[in-house]
Structures are given as structure tokens and as C-alpha cells.
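The sequence lines fix the lettering, A, B, ..., with proteins before strands; numbering per chain opens at 1.
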There are 2 protein chains.
Amino acid sequence: MTAVEPVCTEEQLPSAARGGPVGHTLARVSRAHRIAMGRRLRDLGLYPGQELMMMRLWDCGAVRQSELIQSLGLDPSTVTKMLQRLEQCGYVHRSPDPADRRAVRVEATERGQALRAGVEDAWSDLEASSLAGLGPAERAELARLLGLVADNLREEAGEAGDCPPLNC
Amino acid sequence: MTAVEPVCTEEQLPSAARGGPVGHTLARVSRAHRIAMGRRLRDLGLYPGQELMMMRLWDCGAVRQSELIQSLGLDPSTVTKMLQRLEQCGYVHRSPDPADRRAVRVEATERGQALRAGVEDAWSDLEASSLAGLGPAERAELARLLGLVADNLREEAGEAGDCPPLNC
DNA sequence: CTCTTTTGCTTGGCTGGCCAAGGAATGGGT
DNA sequence: ACCCATTCCTTGGCCAGCCAAGCAAAAGAG
């Protein structure tokens with residue numbers, strides 16, 4: 001079953017998107033992916049997007065907020081609000097950095113740590129589901145191509161000279 | 001999967017995302033893509049997401065709101081609010097459907113039509129920028145693989161039996 | 001002809017995410 | 001020592017997008 005079924009294929013892309021078929025597909029896929037992830041995360045008590053922040057905290061332990069902002073590539077205000085909510089849920093603890101009174105140190109609480117297994121399962125599960133039918137070579141190729149696009153977009157985003165020390 | 005390149009490649013993916021590297025990259029790429037698109041759209045007076053709705057209207061002329069919902073795959077409430085804003089901006093006109101007093105007919109105004117060229121340019125431009133360095137074969141492969149993932153996700157989303165008449 | 005279900009859309013509430021503006025603290029230059 | 005630029009974070013405002021409820025009209029039972 002190679003699924004060449006003439007069923008519904010292209011989801012008829014808008015003619016105005018002729019100039020950007022890949023981008024269009026990318027947008028659709030990503031939204032579906034996010035929704036599917038959100039469904040899994042809801043059972044864990046998280047909203048889509050929060051899991052990425054928690055991952056960073058699981059990896060890095062206590063971290064300055066600015067490093068979170070950097071590593072996630074998010075707007076500072078976004079991070080502030082997300083952390084406020086995560087703190088209110090008890091997943092995260094914030095404390096003033098003694099060495100720099102402007103800064104805030106963030107770390108996952110025990111409740112936050114407890115989410116890790118569930119989140120990892122959710123990601124693995126979704127990965128399996130969304131890549132079903134793709135062979136290892138195809139998966140690798142998809143990852144590679146997405147990486148290229150990511151590089152192009154990162155470059156266009158202005159700050160080409162990225163890749164900072166990342167001391168975490 | 002070799003990819004042990006010490007450069008900068010992977011944007012060091014969180015270890016908790018090991019189970020879903022493709023999904024993780026997908027999320028990042030898509031966000032960057034959306035932002036880059038938003039930058040272009042702002043000059044036109046649109047917010048990211050709205051252009052997809054306008055495309056549909058450009059293609060279909062007057063359309064029932066429910067068909068918009070269906071074809072975009074969005075939540076009804078999302079569409080309602082987007083249309084309210086687009087209407088307030090004068091890009092869209094909404095009128096009650098005489099044949100079905102529950103329904104609403106939507107169409108692009110002249111001001112809305114006027115956006116078309118700009119949006120198409122924006123999409124083409126972003127497509128070129130984001131796919132720079134990829135050959136035609138790679139682009140096709142990327143589109144194909146994304147399509148497969150889209151199918152998988154659509155299926156998982158429950159309503160497998162989709163593919164409605166779509167009389168537009 | 002009435003009662004129930006289904007369809008279409010709206011409102012309210014919540015999150016992620018952006019930008020713009022602003023307030024502290026730090027650090028660099030003179 | 002001083003002042004100014006930079007960094008770090010917060011607040012407010014706005015939009016896309018979700019879900020849950022709800023209301024009105026249309027389509028199906030009975």
C-alpha cells in the first residue's frame with residue numbers, strides 16, 4: 001500500500017499560492033502537527049509551545065531567562081508571559097539572579113520534572129504517527145531539507161551570525 | 001543519521017526532543033516561515049494567516065462561511081473573528097445568505113482584491129528565499145515528503161473521510 | 001404536524017506569539 | 001567619577017487559533 005490513492009491529494013491549493021507551494025504545504029503541515037501535539041499535551045496539563053520551554057529547562061537546569069529567549073528564538077515578552085503561567089501551574093520556579101539584579105533565574109520544579117517522560121512519549125508518538133510510511137532514508141532527507149530551509153530563514157531573519165556560546 | 005558536524009547545524013535540539021527530531025525542526029522552520037511572511041504582509045496591511053483566507057476568497061468569489069471553515073481547516077470561531085477584522089478593514093464583505101438564513105456569504109471587496117498581487121509577490125519572494133540553494137529535485141522531494149506527513153496528520157486528526165464536494 | 005437532531009455561526013475565555021514602549025541595573029567610555 | 005549605551009525584563013495591546021457553550025435556522029424523524 002503505497003497510498004497513491006487518487007482520493008483527495010492536494011487539498012487543492014489556492015491559485016494565489018502558486019508561487020509558494022512548498023511554503024503553503026509547510027504552513028498546513030505545521031499547523032496540523034501543532035494541533036496533534038496539543039491534543040497529546042493537554043492530557044499532561046500543557047499547552048503547545050510550553051513543552052519546548054520545558055525541554056530547555058530539563059536540559060539546562062537553572063538558566064537565565066535571557067538564555068531561554070535566545071535558545072528558543074522567542075520574543076522576550078512571550079517568554080515572560082509563558083513563564084508566569086508555568087510558574088502559576090507550579091512547573092517552574094523563578095528567582096532573582098544574585099549576580100545580576102536585572103536577571104531572573106529559571107528552573108523546572110519537581111512537578112515540572114515530572115512532565116518529562118510524558119512529553120518525551122508524546123513527541124515520539126507523534127513523530128511515529130506523522131512519519132508513518134516513510135523509510136529511514138526519507139526521514140533523513142526530510143530532516144536535511146527542513147534544516148536547509150531553516151538555515152535560509154534564519155539568515156533572512158537578520159541575525160545571521162548566530163550560534164552563540166550557549167553555556168548551559 | 002550521522003550529523004555529528006560540530007558547526008552549528010542542529011541548533012542543538014533539546015535532548016528531550018530526541019524522539020521527535022523531525023517534528024522539532026518542523027516546528028522551528030514553520031515559525032520562522034510564518035514570521036518572515038508576517039514581515040512581508042505587514043507592509044500590505046495584513047496579519048499572518050489572513051492571507052490564506054483572502055486567497056480562498058480570491059479563488060472562490062462569494063462563498064459560504066462554512067466552506068471557508070472547511071477549506072482552511074480552521075475552527076469556526078477563528079474564522080468568525082478573522083472575518084470581523086477583515087471586514088472592519090474593508091477587505092471583505094459579509095451578507096446574509098438569502099437561501100439559508102443561518103448562513104453568511106463572504107466575498108472580497110475591491111480593496112481586498114487589490115491585495116492579491118502583493119500577497120502573491122510576498123509568497124513567491126519568500127518561497128525563493130527559503131528554498132535558496134535547493135535544486136528542483138530537492139524542492140519536489142520536500143513537497144512530496146511534506147505531503148505525506150500532511151496525509152498522516154490529517155488521518156490522525158480523526159476525520160479521515162474528508163475530501164468533500166467543495167463546490168466553489 | 002411536532003419533536004429531535006444536525007448545521008451555521010457567534011460569543012467568551014484562554015494561550016502562544018508578535019511589536020512597541022518603558023523601567024532597572026550593568027558596563028563602557030571619557 | 002560621571003554619563004550614556006546596552007542588556008534584561010515587564011507591561012499593554014493586538015492577532016491567530018483553540019475549546020466550550022450557546023442560539024437560531026434547517027433538515028429529519030415520528
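Applying the side chain to side chain donor-acceptor pair (under 3.5 Å) rule to pairs touching residues 29-38 of chain B yields A:S30-B:S30, sequence neighbours excluded.
Applying the side-chain hydrogen bond (donor to acceptor under 3.5 Å, both in side chains) rule to B:R40 yields the partners A:E156, B:D125; only residues at least two apart in sequence or on another chain are considered. Remark: B:E107 engages no residue in a salt bridge (charged side-chain N to carboxylate O under 4.0 Å, His left out) (not counting sequence neighbours). For A:R64, the salt bridge (charged side-chain N to carboxylate O under 4.0 Å, His left out) criterion is met by A:D100, not counting sequence neighbours. By the side-chain hydrogen bond (donor to acceptor under 3.5 Å, both in side chains) test, B:E138 pairs with A:R144, sequence neighbours left out. For the side-chain contact (heavy atoms from CB on, under 4.5 Å) test, residues two or more places apart in sequence or in another chain that qualify with A:L46 are A:L41, A:Q50, A:E51, A:L86, A:Y91, A:L115, A:V119. Listed by chain and number, the residues in a side-chain hydrogen bond (donor to acceptor under 3.5 Å, both in side chains) with B:S66 amount to none (sequence neighbours excluded).
Residue B:R85 contributes atom CZ, which lies 13 Å from atom P of C:dT10 at whole-angstrom precision. C:dC9 atom C1' lies 11 Å from atom CG of B:L83, rounded to whole Å. In this structure, CD of A:Q84 is placed 14 Å from C1' of C:dG17, rounded to the nearest angstrom. Atom CG of A:L46 and atom C1' of C:dG16 are 13 Å apart (whole Å). With rounding to whole Å, B:R34 atom CZ is found 13 Å from C:dC19 atom P. Across the protein-nucleic acid pair, B:L68 atom CG and C:dG8 atom P stand 13 Å apart, rounded to whole Å. Atoms CE (A:M53) and C1' (C:dG17) sit 11 Å apart, rounded to a whole Å.
In terms of position on DNA chain C, the residue among B:I69 and B:K81 whose nearest nucleotide sits closer to the 5' end is B:I69. In terms of position on DNA chain C, the residue among B:R42 and A:Y47 whose nearest nucleotide sits closer to the 5' end is A:Y47.
Close approach of DNA chain D to chain B, defined as any atom under 4.0 Å from a non-hydrogen atom of the protein, starts and stops at D:dC15 to D:dA26.
Note on B:Q65: a side-chain N or O is less than 4.0 Å away from OP1 or OP2 of C:dT10. For C:dC18, the OP1/OP2 oxygens have no side-chain nitrogen or oxygen of B:R39 closer than 4.0 Å. Between B:T80 and the phosphate of C:dT10, there is a side-chain N or O to OP1/OP2 separation shorter than 4.0 Å.
At the heavy-atom level, A:S66 lies under 4.0 Å from the strands shown only through sugar-phosphate atoms. The residue A:E51 sits apart from the nucleic acid: no heavy atom pair falls under 4.0 Å.
Near DNA chain C, defined here as any heavy-atom distance below 4.0 Å, the residues from residues 87-110 of chain B are B:R94, B:R102, B:A103, B:V104, listed numerically.
A donor and an acceptor atom, one from each side chain of B:T109 and B:E87, are nowhere located under 3.5 Å apart.
Classification of B:D151 and B:R154 as a salt-bridged pair holds, one side-chain N sitting under 4.0 Å from a carboxylate O.
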